[in-house]
Amino acid sequence: MSTATFSISKIQNIAKNFAIEGDIESAKPFGSGHINDTIFIKNAETNSPDYLLQRINHHIFRDVEGVVVNIARVSAHLDHKLNGEFKTENGVERVLTLIPTLKGSLFFKDEDGNFWRMYHFIEDSVSYDLVSSAKQAYEGGEAFGRFQRMLADMDATLLTETLPNFHNIKFRLNNFYQALADDVKGRVKEIPEEIELIKSYEEFMCSLYEMGQAGKLPTRITHNDTKFNNILFDKNDRVICIIDLDTVMPGYVAYDFGDAIRSLVNTAEEDEADISKINVNMSLFKAYTEGYLKEAGNFLTPEEVESLYLAVFLFPYMQGIRFLTDYLQGDTYYKTAYPTHNLVRTRSQFQLFKKLWSHKSEIKSIIEAEQKVAS
Ligand code: ADP
Ligand code: GN1
Ligand code: MG
């Protein structure tokens, strides 16, 4: 899938269906997400807010209403917590605000069958594709730990499982082997080393799934897309908001830990083609783990703490499999900028996995040590 572009008149036609204030001065593509299309809308009136318009990828999120209702329910719960027991004196943390349509719906369907939603734009915020300081990592860890803690008493049955099996490694492996068998683009011949790696770590990688199947891991409400750039910071690196709530649904806490670590500790971009640039920054790992366990350590079971370690390796491995499956299937899922983009991403994720694997014992010790401090 390549990135879509929209004319200003198209955006104006969409935007006028939402209950926004003021007039549109300009609209431009925004962010680096792989799934949805995001457009920043600058308000012509200086005293009116700016907005973020998103086209939801309905080929992936088939139940769009389920997605936006999940976001609204989770945001209402978080808002209540941030104004109640989690209120801090100088707190800057806030929640996403969905702007309804003039008819009171949380999304708008246009005449081409596209689905749109509108948010208040959170001003003076920044997100990081590459993390540079331990403070950012610590604050991010704390924010995701607090996110899970604030949602711990929310009734999970209120949420729709919008993408079933999203982090189920058996499901991802099955899809991969199917794509391998189909070989619709004739690309299997390019990936013997990747196939070898996938097969040789398969058993280890299924251990988190097996723990879940054995009833050792409680299901909680999790974010499920904790890529580090889904946190908005202010200029002092305090967390303003956790965004991209499309995949909020029941899951295991380890999912959120593993995906955050995958995107945080990498010294290179997720799609770095020169794999010699890919290394693991262990001080960021330590800082994130410290912040995360400070918030979440008290309510996690010993098995959940054990599962965090497994997720650190599972997530780059599974992400590599997802990119590779898309490559084999002809690049229909993730946005790509060039023909081998998904293959490059796969190799970069597998390199990250190998680097993490070489830090195995250190990773285990840090989690254990930080959990002792936290509990
Ligand atoms: P995707 O699912 O495509 O990743 P996101 O919801 O993460 O889409 O949004 C893409 C980018 O837009 C984010 O990385 C962030 O930089 C920015 N962003 C998203 N929501 C907001 C918001 N409410 N205010 C300001 N910036 C935002
Ligand atoms: C997608 O939308 P974005 O870019 O935040 C994907 C995540 C992947 C990520 C990899 C719904 O997230 O699961 O980890 O790309 N989201 C979906 O960069 O598949
Ligand atoms: Mg995102």
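Order of appearance sets the numbers: ligands from 1, and atoms from 1 within every ligand. Each residue takes its place number in the sequence, starting with 1.
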Original post:
Which residue holds the protein heavy atom closest to atom 12 (O) of ligand 1, what is that atom called, and what is the gap in Å?
Top reply: Phe30 CD2, 3.6 Å

Original post:
Should the proximity of Asn229 to ligand 1, defined as any heavy atom under 4.0 Å, be assigned to the side chain, the backbone, both, or neither?
Top reply: backbone

Subject >> Ligand-side contact atoms (ligand 2) for residue partner Gly33, heavy atom cut-off under 4.0 Å >> reply: 4 (O)

Original post:
Would you say Asp246 touches ligand 2, if touching means a heavy atom closer than 4.0 Å?
Top reply: no

**OP:** Indicate yes or no for a side-chain donor-acceptor contact from Asn165 to the backbone of Asn168 under 3.5 Å, with no hydrogens or angles considered.
**Re:** no

Original post:
Quick one: nearest non-hydrogen protein atom to atom 2 (O) of ligand 1, plus distance?
Top reply: Asp244 OD2, 3.0 Å

Original post:
Should Asp331 and Arg187 count as an ion pair when the cut-off is N to O under 4.0 Å?
Top reply: yes

Subject >> Pair Phe115 and Phe108, ring centroids less than 6.0 Å apart >> reply: no

Original post:
Closest to the Mg ion (ligand 3), which N/O/S atom of Asp244 is it?
Top reply: OD2

**OP:** Keeping the roles fixed (side chain from Thr222, backbone from Asn224), state whether a donor-acceptor pair exists under 3.5 Å.
**Re:** no

**OP:** Measure from atom 7 (C) of ligand 2 to every heavy atom in Asp225, Val67, Asn57 and give the option owning the shortest one.
**Re:** Asp225

**OP:** Going by heavy-atom distance to atom 10 (C) of ligand 2, choose the closest among Arg322, Glu270, Gln349, Arg345.
**Re:** Glu270

Subject >> Ligand-side contact atoms (ligand 2) for residue partner Asn230, heavy atom cut-off under 4.0 Å >> reply: 5 (O)

Original post:
For atom 11 (C) of ligand 1, what's the nearest protein heavy atom and its distance?
Top reply: Gly31 CA, 3.8 Å

Subject >> Donor-acceptor contact below 3.5 Å, side chain Asn114 vs main chain Arg55 >> reply: no

Original post:
Quick one: nearest non-hydrogen protein atom to atom 24 (N) of ligand 1, plus distance?
Top reply: Ile122 N, 2.8 Å

**OP:** Tell me which protein heavy atom sits closest to atom 8 (O) of ligand 1, plus the residue, atom name and distance to 0.1 Å.
**Re:** Gln54 NE2, 3.4 Å

**OP:** Verify the distance test for Asn230 against the Mg ion (ligand 3): any N/O/S atom under 2.8 Å, yes or no.
**Re:** yes

Subject >> Under-4.0 Å heavy-atom contact with ligand 1, by part of Asp37 that carries it >> reply: neither

Original post:
Can you check whether Phe107 and Trp116 have ring centres sitting under 6.0 Å from each other?
Top reply: no

Original post:
Tell me, which protein residue and heavy-atom name are nearest atom 19 (C) of ligand 1, and how many Å apart are they?
Top reply: Leu52 CD2, 3.3 Å

Original post:
At what distance is the nearest protein heavy atom to atom 16 (O) of ligand 1, and which residue and atom is it?
Top reply: Ser127 OG, 3.3 Å

Original post:
Does the separation of the ring centres of Phe40 and Phe121 fall below 6.0 angstrom?
Top reply: yes

Original post:
Where's the contact between Arg262 and ligand 2, heavy-atom distance under 4.0 Å: side chain, backbone, both or neither?
Top reply: side chain

Subject >> Near-ring test Phe204/Trp357, centroid separation under 6.0 angstrom >> reply: yes

Original post:
Ile11 and Ile39: which non-hydrogen atoms are nearest, and at how many Å?
Top reply: CD1-CD1, 3.5 Å

Original post:
Has Ile60 got any heavy atom lying under 4.0 angstrom from an atom of ligand 2?
Top reply: no

**OP:** May I ask you to identify, for His120, whether its side chain, its backbone, both or neither come under 4.0 Å of ligand 1 on a heavy-atom basis?
**Re:** backbone

**OP:** Kindly say whether the aromatic ring centers of Tyr252 and Tyr255 come within a distance under 6.0 Å.
**Re:** yes

**OP:** Would you mind checking which non-hydrogen protein atom is closest to atom 15 (O) of ligand 2, with the distance to 0.1 Å?
**Re:** His34 CD2, 3.5 Å

**OP:** Give a yes or no on whether the ring-centroid distance for His341 and Tyr338 is below 6.0 angstrom.
**Re:** yes

**OP:** Mark yes or no for whether His58, through its side chain, and Asp63, through its backbone, hold a donor-acceptor pair below 3.5 Å.
**Re:** no

**OP:** Determine whether the side chain, the backbone, both or neither of Asn36 has a heavy atom under 4.0 Å from any heavy atom of ligand 2.
**Re:** neither

Original post:
Relative to each other, are the rings of Phe257 and Tyr292 parallel, tilted or perpendicular (30° and 60° limits)?
Top reply: tilted

**OP:** May I ask you to identify the nearest protein heavy atom to atom 19 (O) of ligand 2, giving residue, atom name and distance to one decimal place in Å?
**Re:** Tyr333 OH, 2.5 Å

Original post:
Should the proximity of Asp225 to ligand 1, defined as any heavy atom under 4.0 Å, be assigned to the side chain, the backbone, both, or neither?
Top reply: neither

**OP:** Please report which non-hydrogen protein atom sits nearest to atom 14 (O) of ligand 2, along with the residue it belongs to and the distance in Å to one decimal place.
**Re:** Gln319 OE1, 2.6 Å

**OP:** Under 4.0 Å, heavy atoms only, figure out whether ligand 1 is touched by the backbone of Ile243, its side chain, both or neither.
**Re:** side chain

Subject >> Between Asp50 and Asn43, a side-chain donor and acceptor under 3.5 Å >> reply: no

Subject >> Best match, Pro29, Gly33, Ser32: closest heavy atom to atom 3 (O) of ligand 1 >> reply: Gly33

Original post:
Among all protein non-hydrogen atoms, which one is nearest to atom 2 (O) of ligand 2, and what is the separation to 0.1 Å?
Top reply: Ile35 CG1, 3.4 Å

**OP:** Run through Met318, Arg347, Glu270 and flag the one making a side chain to side chain contact (heavy atoms under 4.5 Å, CB included) with Phe323.
**Re:** Glu270

Subject >> Proximity to ligand 2 by part of Asp244, non-hydrogen separation under 4.0 Å >> reply: side chain

